[in-house]
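Down below is the structure, laid out as structure tokens.
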Amino acid sequence: MPIAKLARLVAATGVALWAGLASAQPVTVKMWMHEHPPRIAIDKAIIAEFEKANPDIKIQYDVISVADYSTKLITAFAAGSGPDLFNNTSTLVTQYFNARILAPVDYAAMGLVDEGALLAKYQGSGFDGIRFQGKLYGVPSELSNWACFANNALWQEAGLDPKKDWPKTWEALPGIAEKLTRRDANGVPVRRGFDFNWAIPGAFWYVPNTMLHQLGANMIDEAAYKATLDTPAGRQVFQYFQDWTGKLRLGGPQYTDSRTDFLAGKLAAECSFGVWGVPQMEAAKISWSVLPVPKFAGGVSDNGMDEYAFYMMVNARSPSPVQKAAWKFARFYTDHAGELFAGAGLFVPRAEVTDSAAFKANPAAPFFVAELKRAKFSPRVVGYAQVLDAILRGRDKVVQGEKVDAVVPVMNEEVNTIMNRERARAATLVK
Amino acid sequence: MRYKWWGLAFVLPAVGFFAAFNLFPMLFGLYLSFTDYDLLNPPIWVGLDNFFNLWDDRLFRQALGNTLVFVAGATLPVWVLSLLAALVFDQAFRARDWLKAAFFLPVLPPIAVIAVLWRVLLHPNGVITSLTGGWWGITEIRWLADTALAPFSMIAVHDWAMIPFFMMIWLAGLAAIPPEFREAAAIDGAGPVRSFWHVDLPQLRSTAVLVAALSSIGAFQTFALQYVLPNDAGGPANSTMVLALLVLKYGFQYFRMGDAAAISVVMFGMILCVTLGQLWFNRRA
């Protein structure tokens, strides 16, 4: 055998050996999830089950605290060490999509025929928050909206019954809230009847948007990519918040946040709990009633609170085999929706959940499913954090007593400036 | 020569550490201030655009104004009140050491812990409202939720926590003044005020500059108080938004790392100017 032939044979054998070795190496999927303590044990059990069934795939699971999650995610992507599979909320996904971090859903890797097969599993809902330019970029692991809850004992104390007396309109709410409010000699509320959740910044993304949807308007026209706050509807909503805190003195950002006070039995009603809030109320031994979100008189839509979702998404910068393994696991993980609802209260509209004993045992669950069918997603924008801050600044000015007619146009202009700048930046930065 | 190389070898770890964790981030920050960088894509060189854009940035102008108000409130009263406290504790009286220790206590916990504590105390219907508003029958004061009051609440909490620290520096300065100077002044008929004005204060010149420099540098860099104390960081309506907090917001919430770096460079320049000015004043005096 000539030496050249021998060399080729040795080289070919070597390449084949290395290739074989490489293919035998397990694929590791780095997965990041935000911290939700009841979910962690379930996640670990699902991962163990998946790894047993797929010995060629390892899941490296990391849980990050909610407060640090977005910052750590973005800095990890910046350092090139971002996760292969991660979850995040619908309000923040546009940033990742714009930076081309998100990989489109790989139906084949998920063992699905096409998009229709995926949608069918979720009864068609929950995907509006993750669809960009007609394609899906994630799978919902939680779909949620808020509704109103009343503390039955406090209502009874005021001679009211939440089932009968709960107001149907925002206009009627102050009258009922006043009956439930306890004030000191100076008129300062010592126990509020109803209040908005002023402490969670995102609440002022969902609540004004919900109100505007009811009025047939929106804070931002996502398709036209411009702020639509400076409208009669926009002014009506911000005037409502000003009257609530100022003229009516029914609540405001200076008080303890509404969820904390409600769970402490110091607030008769509030509207920022999802279906996941029920176990917390049960633990706090509060006799509760779940109630629909009020509407504006003369509103054109009967939608409840805007919905939001957490999605499992795959890093488009990860190697292709890792992406495929990540999508495979995402399918496996979300197929455990029944356990995730029963053990961690994470709702998705899948048969595994709606047919489960846990769902049927939760008296609020059917109510939330009905509300979700009428809910809309709040608009998605690139500079979400900046836009939200601009809205919060406007809200604060209105609450401080500045004229709504002066604040809203400035807020509108500020939001437009942010959106235009961020879109221009995105066009320049993403190559 | 051999001795010299050994010397270099010994300082190398410290120099390396400083270069890696101080010098490099500073220089990299300076580089970033000339770029547009969203953390998700490579930085793009934009020259001085970030600096020019700052002057049109409403949020930056507001944060700059808030920072200057905070620096004024956290420097001048601290300077005067810590000196007064030091003069009191420089006297001999019963239980002085116990009282001094008690007065010093606010310095011990981290500022974030102090902020959490004061958040409870400054509840609109809380203890401080009862103590102050009670005289006039007021039962609710929005210490942290009113745009006019919140900046001053920040200053008050900061000064409460920092005055004892600077008092200790003044006390060290007072202890270094030879007692013969005061004795000579007393023999010449100088009273306590005159003795302080003509003997103590000139001797405390270096201490005075040190207190002014440290308090103003610390005030320019204030962050934790404005982050933790208000209901929302920098709020309400950005009335407590300071430059250091804006750096965090721009960099890690808005993903405008270039703008965040430019603000840091501006802050560095301001602190440098103030410090050089104080040193110049000290030399001239």
Side-chain angles (χ1 to χ4, degrees), chain A residues 68 70-72 74-79 82 95-96 98-101 183-190 198-201 245 249 252-257 317 382-386 388-390 392-402 407 410 414 417-418 421-422 425-426 428-431, chain B residues 32 35-46 49 53 56-59 62 119-120 122-126 129 133-134 136-150 230-241 246 248-259:
Chain A
D68 296 335
S70 288
T71 307
K72 283 199 173 169
I74 206 104
T75 41
F77 284 130
Q95 194 78 36
Y96 303 117
N98 237 58
R100 298 186 191 167
I101 294 276
R183 297 181 186 276
D184 68 11
N186 292 326
V188 172
V190 289
W198 303 88
I200 299 177
T245 53
R249 290 182 83 181
Q254 69 270 32
Y255 301 111
T256 308
D257 80 275
R317 297 171 185 180
V382 182
Y384 166 72
Q386 296 180 68
L388 177 61
D389 273 356
L392 291 174
R393 270 195 294 282
R395 177 203 75 175
D396 286 353
K397 285 178 187 169
V398 162
V399 167
Q400 299 288 323
E402 288 189 35
V407 172
V410 174
E414 206 178 337
T417 307
I418 292 165
R421 184 186 57 224
E422 289 307 310
R425 277 185 79 211
T428 318
L429 289 169
V430 180
K431 297 290 174 203
Chain B
L32 284 182
T35 67
D36 189 357
Y37 181 38
D38 70 351
L39 287 165
L40 295 169
N41 297 287
I44 291 175
W45 184 264
V46 293
D49 281 4
N53 291 340
D56 296 326
D57 186 333
R58 207 181 291 169
L59 210 50
Q62 191 175 1
R119 201 175 167 170
V120 177
L122 291 172
H123 188 277
N125 319 113
T129 300
W136 296 278
I138 299 169
T139 49
E140 181 174 274
I141 302 174
R142 300 175 186 187
W143 300 107
L144 301 170
D146 188 296
T147 46
L149 275 180
N231 292 331
D232 51 327
N238 287 335
S239 57
T240 61
M241 178 63 68
L246 197 61
L248 172 91
K249 250 189 192 305
Y250 275 13
F252 293 101
Q253 289 173 11
Y254 297 176
F255 313 127
R256 289 165 58 185
M257 200 48 92
D259 291 322

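Values in this document were obtained by computation on a predicted structure and should not be read as measured data. Residue numbers start from 1 in every chain, and the chains themselves are labelled A, B, ... in the order their sequence lines are given, proteins ahead of strands. Computed from heavy atoms alone, side chains included, the values below leave out hydrogens, waters and symmetry copies.
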Exercise. With distance as the sole test, does B:T35 use its side chain to make a donor-acceptor pair with the main-chain N or O of B:W45 at under 3.5 Å?
Worked result: no
For this session: Output yes when a side-chain donor or acceptor of B:D57 lies under 3.5 Å from a complementary backbone atom of B:N53, and no otherwise.
Result: no
Problem set entry | A:Q386 versus chain B, the contacting section by heavy-atom distance below 4.5 Å | both
Problem set entry | B:R58 versus chain A, the contacting section by heavy-atom distance below 4.5 Å | side chain
Exercise. Hey, does the side chain of A:Q400 reach the backbone of B:A145 with a donor-acceptor pair shorter than 3.5 angstrom?
Worked result: yes
For this session: Measure A:E414 against the heavy atoms of chain B and call it side chain, backbone, both or neither at under 4.5 Å.
Result: side chain
Problem set entry | Shortest non-hydrogen contact from B:H123 toward B:W143 | O-CD1, 4.1 Å
Problem set entry | B:T147 to B:P236 - nearest heavy-atom pair and separation | CG2-O, 3.4 Å
For this session: Measure distances from B:D146 to the heavy atoms of chain A and classify the residue's part below 4.5 Å as side chain, backbone, both or neither.
Result: both
Exercise. Considering only heavy atoms, which portion of B:D36 lies under 4.5 Å from any heavy atom of chain A: side chain, backbone, both, or neither?
Worked result: both
For this session: Go through B:N231, B:L40, B:L59 and name the one with the most non-hydrogen pairs under 4.5 angstrom from chain A.
Result: B:L40
Seminar exercise, completed: Bottom line for A:T417: the part with an atom under 4.5 Å from chain B's heavy atoms is neither
Problem set entry | Pairs of heavy atoms under 4.5 Å with chain A: top-ranked of B:G234, B:A148, B:P124, B:P230 | B:P124
Exercise. Of the listed residues (B:M257, B:Q253, B:E140, B:K249), which shares the most heavy-atom pairs with chain A below a 4.5 Å separation?
Worked result: B:E140
Exercise. Are any non-hydrogen side-chain atoms of A:Y255 and B:N125 less than 4.5 angstrom apart?
Worked result: yes
Exercise. Does the side chain of A:E422 reach to within under 4.5 Å of the side chain of B:F255, using non-hydrogen atoms?
Worked result: no
For this session: Determine whether the side chains of A:D389 and B:Y254 contain a donor N or O and an acceptor N or O closer than 3.5 Å.
Result: yes
For this session: Select, from A:N186, A:T71, A:D184, A:T256, the one with the greatest count of heavy-atom pairs under 4.5 Å involving chain B.
Result: A:N186
Exercise. Given that the side chain runs from C-beta out, which part of A:I74 has a heavy atom under 4.5 Å from chain B: side chain, backbone, both or neither?
Worked result: both
